[in-house]
Number of protein chains: 2
Amino acid sequence: MERLKKQMEFIIEVDKLKDIIRQTNLTNGERKENDAEHSWHLALMAVFLSEYAKEPVDVLQVIKMVLIHDLVEIDAGDTYLYDEAGNGTKAAREQKAAERIFNILPGDQAEELFQLWQEFEDRKTPESKFANTLDRIQPVLLNDATEGRAWREHDVCIDQIMSKNEYTSQGSDVLWAYIQEVFEKNIENGNIKRSL
Amino acid sequence: MERLKKQMEFIIEVDKLKDIIRQTNLTNGERKENDAEHSWHLALMAVFLSEYAKEPVDVLQVIKMVLIHDLVEIDAGDTYLYDEAGNGTKAAREQKAAERIFNILPGDQAEELFQLWQEFEDRKTPESKFANTLDRIQPVLLNDATEGRAWREHDVCIDQIMSKNEYTSQGSDVLWAYIQEVFEKNIENGNIKRSL
Ligand SMILES: [Ca+2]
């Protein structure tokens, strides 16, 4: 069965997402999170927080997007939100990665995967706006739970954070209001700098 | 907002799933897999392998089950399939864990989570049969990709494997046939013992 063989090859290939390390620390503070764990966490958030999506969402579509949104980082690596140089070359690196990784699947599923990823990146549908909101707030929750460790490590100020969160509010007013309170608390206790 | 506060507390609590270590090795052979990574992998498999479910399945329901099926291990720990003593106390330990962890959520969502977990454990619906099949074949794929490392570490024989896989075939004939071939290959090359 050529089709099943390709699917299984893909399933094994994506195991590599467990090696892609992010900047966020786990709540136990003992190590940094990887992309597979991050993607699982977002999917679980989609299950239990979808009531806060700004527009009604197809939860399955949100979950599919968050499950696959970082697969391109298997080749392209995780580009930290505040790494300006890395973000300049990110799109080209990720497109090349998508072409290699997604095309391991049979044609119809590779096509579905390209469409899912593009939808996530374009942030135009209610589902992709909400998925992007989850992607942005999850590291904030982990940073908050670790006394702002990643913010302090990278000496981040609130203006930088806000400039990278211009889309976060688009997926959910409620979650955005919650996260703004988290930012405020962390500015007050010095985990996030007021200015550079 | 009391409801959102409970949901966020739950989202933070489940971060601990990333610390629950399984017996399976990652395909790179460098460390063992944790439950969050495993759950992500199963969810992705549900997206791309559901065409092989024995009966038609609601993919969202399958995904929800695999995302949450190991949460009880945050308190109860991972019980290795071939640990007979551990498996004797597993049900009681996991029930207690479910009561603490699931009840962090608001009442309606705690109830939904208990039902999802019970459905997964009962293996009666097409969705839960398929979810359990995915849960059993994923470590087989990783063991196969690491030259049978976990099988060799635990000196496992094929009779033990087959006795623990009595339900695996219930969710998918196609995937079960595929996995039987994987077992056969690994018996032939000595990664799985023919008898104790
Ligand atoms: Ca990313």
Side-chain angles (χ1 to χ4, degrees), chain A residues 1 3-8 10-19 26-28 30-31 33-49 51-52 58-61 63-64 66-68 71 105-106 109 112-113 116 134 137-138 141-142 144-146 174-175 177-178 182, chain B residues 1 3-8 10-19 26-28 30-31 33-49 51-52 58-61 63-64 66-68 71 105-106 109 112-113 116 134 137-138 141-142 144-146 174-175 177-178 182:
Chain A
M1 285 197 60
R3 180 174 174 83
L4 180 57
K5 221 181 124 203
K6 287 179 180 176
Q7 290 162 324
M8 289 302 195
F10 176 79
I11 296 299
I12 292 296
E13 175 67 25
V14 300
D15 196 61
K16 294 177 184 166
L17 198 67
K18 301 167 189 171
D19 297 321
L26 298 191
T27 55
N28 68 11
E30 282 177 18
R31 63 172 171 85
E33 187 186 39
N34 67 57
D35 271 348
E37 299 168 324
H38 164 67
S39 301
W40 166 79
H41 215 162
L42 298 188
L44 202 74
M45 290 168 75
V47 173
F48 292 106
L49 299 176
E51 66 192 88
Y52 303 115
D58 173 343
V59 177
L60 177 58
Q61 189 72 359
I63 292 176
K64 282 183 176 182
V66 298
L67 288 174
I68 64 89
L71 287 180
L105 281 168
Q109 291 191 321
E112 185 193 347
L113 188 41
L116 273 173
L134 296 179
I137 72 172
Q138 188 259 1
L141 296 175
L142 296 195
D144 181 52
T146 52
V174 174
L175 298 181
Y178 183 90
V182 173
Chain B
M1 285 197 61
R3 180 174 174 83
L4 179 57
K5 220 181 123 203
K6 287 179 181 176
Q7 290 162 323
M8 289 302 195
F10 176 79
I11 296 299
I12 292 297
E13 176 67 24
V14 300
D15 196 61
K16 294 177 184 166
L17 199 67
K18 301 167 189 172
D19 297 321
L26 298 191
T27 55
N28 68 10
E30 282 177 17
R31 63 172 172 85
E33 187 186 38
N34 67 57
D35 271 347
E37 299 168 325
H38 165 67
S39 300
W40 165 80
H41 215 161
L42 297 188
L44 202 75
M45 290 167 74
V47 172
F48 292 106
L49 299 177
E51 67 192 87
Y52 302 116
D58 174 342
V59 177
L60 177 57
Q61 189 73 359
I63 291 176
K64 283 182 175 182
V66 299
L67 288 174
I68 63 89
L71 287 180
L105 281 168
Q109 290 191 322
E112 185 194 347
L113 188 40
L116 272 173
L134 296 179
I137 72 173
Q138 187 259 1
L141 296 175
L142 296 195
D144 181 52
T146 52
V174 173
L175 298 181
Y178 183 90
V182 173

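A, B, ... follow the sequence lines: proteins, then strands. Residue 1 opens every chain.
Note that OG1 of A/Thr27 and CD of B/Glu13 are 8.0 Å apart. Values are rounded to the nearest 0.5 Å. A/Leu142 contributes atom CG, which lies 10.5 Å from atom CD1 of B/Ile11 (distance to the nearest 0.5 angstrom). To the nearest 0.5 Å, atoms OG (B/Ser39) and NE2 (A/His41) are separated by 11.5 Å. Rounding to the nearest 0.5 Å gives a distance of 5.0 Å between CG of B/Leu60 and CG of A/Leu60. Between atom CZ of residue B/Phe10 and atom CE of residue A/Met45 there is a gap of 11.5 Å, rounded to the nearest 0.5 Å.
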### Query
Do A/Arg31 and B/Lys18 pass the side chain to side chain contact (heavy atoms under 4.5 Å, CB included) test, and can you show the C-alpha distance, the side-chain angles, and the key distance before you say yes or no?
CA-CA 10 Å; A/Arg31 63 172 171 85; B/Lys18 301 167 189 172; 4.0 Å; yes
### Message
What verdict does the side chain to side chain contact (heavy atoms under 4.5 Å, CB included) test give for A/Met8 and B/Leu175, after you've listed the backbone C-alpha separation in whole Å, the side-chain angles of each residue and the deciding distance to 0.1 Å?
### Response
CA-CA 10 Å; A/Met8 289 302 195; B/Leu175 298 181; 3.7 Å; yes
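Comparing B/Lys5, B/Glu30, B/Lys16, B/Glu51 by heavy-atom pairs within less than 4.5 Å of chain A, the highest count is held by B/Glu51. Comparing A/Leu4, A/Val59, A/Ile68, A/Asn28 by how many heavy-atom pairs each has under 4.5 Å with chain B, the most go to A/Leu4.
The contact between B/Ile63 and chain A is made entirely by side chain atoms (from C-beta outward), counting heavy-atom distances below 4.5 Å. The part of A/Asn34 that comes within reach of chain B is its side chain, from C-beta onward, which places non-hydrogen atoms under 4.5 angstrom from that chain. Contacts between A/Ala145 and chain B at a heavy-atom distance below 4.5 Å involve the side chain alone, from C-beta outward.
A donor-acceptor pair under 3.5 Å links the side-chain atoms of A/Gln109 to the main chain of B/Phe48, judged by distance alone.
Residues A/Leu44 and B/Val14 approach most closely at CD2-CG2, 3.6 Å, considering heavy atoms.
Using a 4.5 Å heavy-atom cutoff, the side chains of A/Trp40 and B/Leu17 are in contact.
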